[in-house]
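Scroll down for the structure; my scribbles are underneath it.
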Amino acid sequence: MLHTDHGTIETPVFIPVGTAGTVKAVHQKELKDDIKAQIILGNTYHLYLRPGLDIIEKAGGIHQFIGWDKPVLTDSGGYQIYSLTDRRKISENGVVFQSHIDGSKHEFTPERVVDIERTIGADIMMAFDECTPFPCDYKYAKKSMLVTHKWLERCIKRFDQTTDKFGYSQKLFPIVQGSAYKDLRQQSAEFIAGQNREGNAIGGLSVGEPTEVMYEMTELVCGILPADKLRYLMGVGTPANILECIALGVDMFDCVIPTRNARNGMLFTGNGIMNMRNEKWKDDLGPIDNEGTSFVDRQYSKAYLRHLFVSKEILGPMIATLHNLAFYVWLVTEARKQIIENTFGTWKEKMMKQVTQRL
RNA sequence: GGGGGGGUACCAGAGUGGUCAAAUGGGGCAGACUGUAAAUCUGUUGGCAACGCCUUCGGAGGUUCGAAUCCUUCUCCCCCCA
């Protein structure tokens, strides 16, 4: 549980990905050209919104900021060091990204990232780190981890030198690195825990390593990060991954899977996984998900949703995305209930079987 | 009535004597996707007791060691001239 000026985060929680466009609307006046450039650069900056967020009002054709009542989180761009490898140059000082749109160069330093995240107005700001690929040789992993630690110190210094930009409290979360090496993970987790922030993140996982390795590293790090602070596992994962990692002590998750896979026709439900392009749904006029919590679940049939995907109608991905996000939110909310009622263990085992089967 | 062009796999459309179960695209089927440059990418798509065999390029018949490809004929479609 974490209190912010925009509400309390009750864990476990899954953070859906919002849009850079929303950021722009939120603090239009505050956005400087360089920030716009970084948003254009790709999804280098991401705004994470909790569902139900209602911050934008369209007045006279212009979107205006009207405030919000749910916490907002932004990432730092560290993941793009991994995902945009061929478009960036990394140095001790920071990273230079080259825009795929106009080729323009943009330097990211810990200080600048903090400034920008302040301006975006996130309740939770992520430290600038380097997300290493998998596999990663030990020497590089160690060097990268030490750079991430140095950057963290610079992030914190800048963070402490600046003030909350919009009158509400902003928090900075550091990120554990160390690739798939136990000693590095331990060293990094101890260093991160020592910063004593309101929450701590685990990064550098779900980058291609075997799932078992991801669990192993998560378990190790969760054993070091304090239990009374939020533990945020970045970029994970499938419903099964989330259940397993909740069991290991993780409080927060974010991932593109529910949205990206939805766009590609994959639906997650409490009873299993469906590929909506499969012919088997062709004549299934039953609701998408009888037990689903989203309005789309009973409003549309599987056959109709399949038809939309087959016809390449944008409504298909839209419905699937709404469904998947609702399912993820349901999954973590239910997990919380089960934890409170002390029934999480048995519930998890049951759900693991259901959630991983193909329908 | 005269002249010309054409019928190829689910569809469109290459191929014009052996290297052709037949290019390519679409469609179909299936898979992948993990802090989003991702409404994307990949595989597969005649049959079978599959390192081989059988059936298939409008129908029938022929030439040839060998035919989707050449010849004869039938049939259907399109265009031009009357």
Side-chain angles (χ1 to χ4, degrees), chain A residues 14-21 38-48 73-88 97-103 106 113 117 122 124-134 148 173-177 199-211 213-215 218 231-242 244-245 250 252-268 273-282 306 308-321 324 328 358:
Chain A
F14 178 80
I15 311 160
V17 180
T19 67
Q38 280 142 11
I39 290 169
I40 290 164
L41 180 64
N43 293 316
T44 302
Y45 275 92
H46 292 281
L47 175 66
Y48 298 156
L73 182 154
T74 94
D75 196 9
S76 63
Y79 183 74
Q80 278 61 39
I81 297 175
Y82 156 77
S83 67
L84 304 178
T85 313
D86 52 348
R87 304 207 66 87
R88 53 76 169 168
F97 287 99
Q98 188 167 22
S99 168
H100 67 287
I101 295 169
D102 60 8
H106 305 275
V113 164
E117 290 183 312
I124 297 170
M125 302 163 40
M126 300 309 300
F128 191 45
D129 66 333
E130 181 188 358
C131 177
T132 50
F134 182 89
T148 288
F173 282 19
I175 305 170
V176 174
Q177 286 295 335
N200 299 298
I202 305 166
L205 292 177
S206 60
V207 288
E209 77 283 7
T211 309
V213 172
M214 184 191 94
Y215 292 154
T218 302
R231 290 192 284 232
Y232 168 26
L233 180 54
M234 305 184 78
V236 174
T238 63
N241 291 159
I242 286 176
E244 286 294 355
C245 293
V250 175
M252 281 172 74
F253 302 88
D254 78 282
C255 189
V256 304
I257 281 184
T259 48
R260 179 183 295 167
N261 288 26
R263 292 195 297 275
N264 295 331
M266 184 183 272
L267 257 61
F268 298 97
I273 298 163
M274 296 189 283
N275 179 346
M276 293 318 294
R277 289 189 322 231
N278 287 176
E279 193 186 26
K280 64 180 71 149
W281 313 120
K282 195 170 187 175
R306 176 183 184 273
L308 292 173
F309 271 103
V310 169
S311 313
K312 302 194 192 311
E313 281 286 347
I314 191 64
L315 183 58
M318 288 167 75
I319 291 170
T321 300
N324 276 355
Y328 267 62
R358 306 290 293 218

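Throughout, protein chains are lettered first and strands after them, A, B, ... in sequence-line order, and every chain is numbered starting at 1. Note that the structure is predicted; figures quoted are calculated from it, not measured.
- Nucleotide B:A50 carries a syn base; the chi torsion (O4'-C1'-N9-C4 or O4'-C1'-N1-C2) is within 90° of 0.
- In terms of the side-chain contact (heavy atoms from CB on, under 4.5 Å) criterion, residue partners of A:Lys282 (sequence neighbours excluded) are, by chain and number, A:Glu279, A:Arg306.
- If you check every strand for non-hydrogen atoms under 4.0 Å, A:Arg358 touches sugar and phosphate atoms only.
- Atom CD1 of A:Ile242 and atom C1' of B:U34 are 9 Å apart (whole Å).
- Separating the P atom of B:G52 from that of B:A37 is a span of 48 Å, rounded to the nearest Å.
- Base-pair partner of B:A32: B:U40 (Watson-Crick or G-U wobble, both distances under 3.5 Å).
- A:Gln80 has its CD atom 13 Å from the C1' atom of B:A38, to the nearest Å.
- Taking the C1' atom of each, B:G3 and B:C20 are spaced 35 Å apart, rounded to whole Å.
- Remark: B:A68 base-pairs with no nucleotide; criterion is Watson-Crick or G-U wobble with both hydrogen-bond distances under 3.5 Å.
- Comparing B:U8 with B:A22, their C1' atoms sit 9 Å apart, to the nearest whole Å.
- When distances are taken from the side chain of A:Ile257 to each of B:A37, B:U34, B:G35, the shortest belongs to B:U34.
- Straight-line distance between the C1' atoms of B:G58 and B:U69: roughly 15 Å, to the nearest whole Å.
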Below 3.5 Å is the cut-off: list the nitrogen or oxygen pairs between protein and nucleotides 40-44 of chain B, distance only.
{"from": "B:U40", "atom 1": "N3", "to": "A:Asn264", "atom 2": "OD1", "distance (Å)": "3.4"}
{"from": "B:U40", "atom 1": "O4", "to": "A:Asn264", "atom 2": "OD1", "distance (Å)": "3.3"}
{"from": "B:U40", "atom 1": "O4", "to": "A:Arg277", "atom 2": "NH1", "distance (Å)": "3.2"}

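- The side chain of A:Leu84 lies closest to B:A37, out of B:U34, B:A37, B:G35.
- Applying the Watson-Crick and G-U wobble criteria (two distances, each under 3.5 Å), B:G27 pairs with B:U45.
- The partner of B:U16 is absent, by the rule that a Watson-Crick or G-U pair needs both atom distances under 3.5 Å.
- Here the shortest heavy-atom pairing between A:Thr132 and A:Val207 reads O-CG2, 3.7 Å.
- Backbone-only contact: A:Val310 has heavy atoms under 4.0 Å from sugar-phosphate atoms and none from a base.
- Counting non-hydrogen atoms under 4.0 angstrom, A:Asp129 reaches a base of the nucleic acid.
- At a threshold of 4.0 angstrom between heavy atoms, the contacts of A:Gly316 with the nucleic acid are absent.
- Nucleic acid contact class of A:Ile175 (heavy atoms, under 4.0 Å, all strands): base.
- For B:C51, the O4'-C1' to base torsion is within 90° of 0; the nucleotide is therefore syn.
- Atom-to-atom, CZ of A:Phe14 to P of B:U34 comes out at 13 Å; the value is rounded to the nearest Å.
- By the side-chain hydrogen bond (donor to acceptor under 3.5 Å, both in side chains) test, A:Glu130 is found to be paired with A:Tyr140, A:Ser144, residues two or more places apart in sequence or in another chain being considered.
- Looking at which nucleotide of RNA chain B each of A:Thr132 and A:Pro317 is closest to, the 5′-most match is held by A:Thr132.
- For the pair A:Glu209 CD and B:U34 P, the computed distance is 11 Å after rounding to whole Å.
- If you take CD1 on A:Ile15 and CG on A:Asp254, they are separated by 5.5 Å, rounding to the nearest 0.5 Å.
- Rounding to the nearest 0.5 Å gives a distance of 9.5 Å between CG of A:Asn324 and CE of A:Met266.
- Not a single side-chain hydrogen bond (donor to acceptor under 3.5 Å, both in side chains) links A:Thr85 to another residue, sequence neighbours left out.
- The side-chain heavy atoms of A:Phe309 and A:Ile319, taken from C-beta on, include no pair separated by under 4.5 Å.
- Of the candidate nucleotides B:G31, B:G35, B:U34, B:G31 has the atom nearest to the side chain of A:Asn278.
- Annotation: B:A21 and B:U44 have their C1' atoms spaced 15 Å apart (nearest Å).
- Taking SG from A:Cys245 and CD1 from A:Ile242, the interatomic distance works out to 8.5 Å, rounded to the nearest 0.5 Å.
- Distance check on atom P: B:C78 versus B:U73 gives 23 Å, rounded to whole Å.
- With distances taken from any side-chain atom of A:Asn275 to the nucleotides B:G31, B:U34, B:G28, the minimum falls on B:G31.
- Under the rule for a ring-ring contact (aromatic ring centres under 6.0 Å, His included), A:Phe173 has no partner lying at least two apart in sequence or in another chain.
- When rounded to the nearest whole Å, the span between OH of A:Tyr82 and P of B:G35 equals 8 Å.
- Every side-chain hydrogen bond (donor to acceptor under 3.5 Å, both in side chains) that A:Thr238 has, sequence neighbours left out, goes to A:Asn241.
- Atom CD1 of A:Ile314 is separated from atom C1' of B:A39 by 5 Å (rounded to the nearest Å).
- Here, B:C57 and B:G46 have their P atoms 16 Å apart, quoted to the whole Å.
- Comparing the same atom, C1', in B:U45 and in B:A9 gives a spacing of 10 Å after rounding to whole Å.
- Taking atom CZ of A:Phe134 as the reference point, atom C1' of B:C33 lies 18 Å away to the nearest angstrom.
- With a cut-off of 3.5 Å on both Watson-Crick or G-U wobble distances, the partner of B:G1 is given as B:C81.
- A straight line from CD1 of A:Ile124 to C1' of B:G35 spans 13 Å, rounded to a whole angstrom.
- Across the interface with RNA chain B, nearest-nucleotide mapping of A:Arg260 and A:Ser206 shows A:Ser206 to be the residue nearer the 5′ end.
- Listed pair A:Ser76 / B:G35 fails the phosphate criterion, with no side-chain N or O lying under 4.0 Å from OP1 or OP2.
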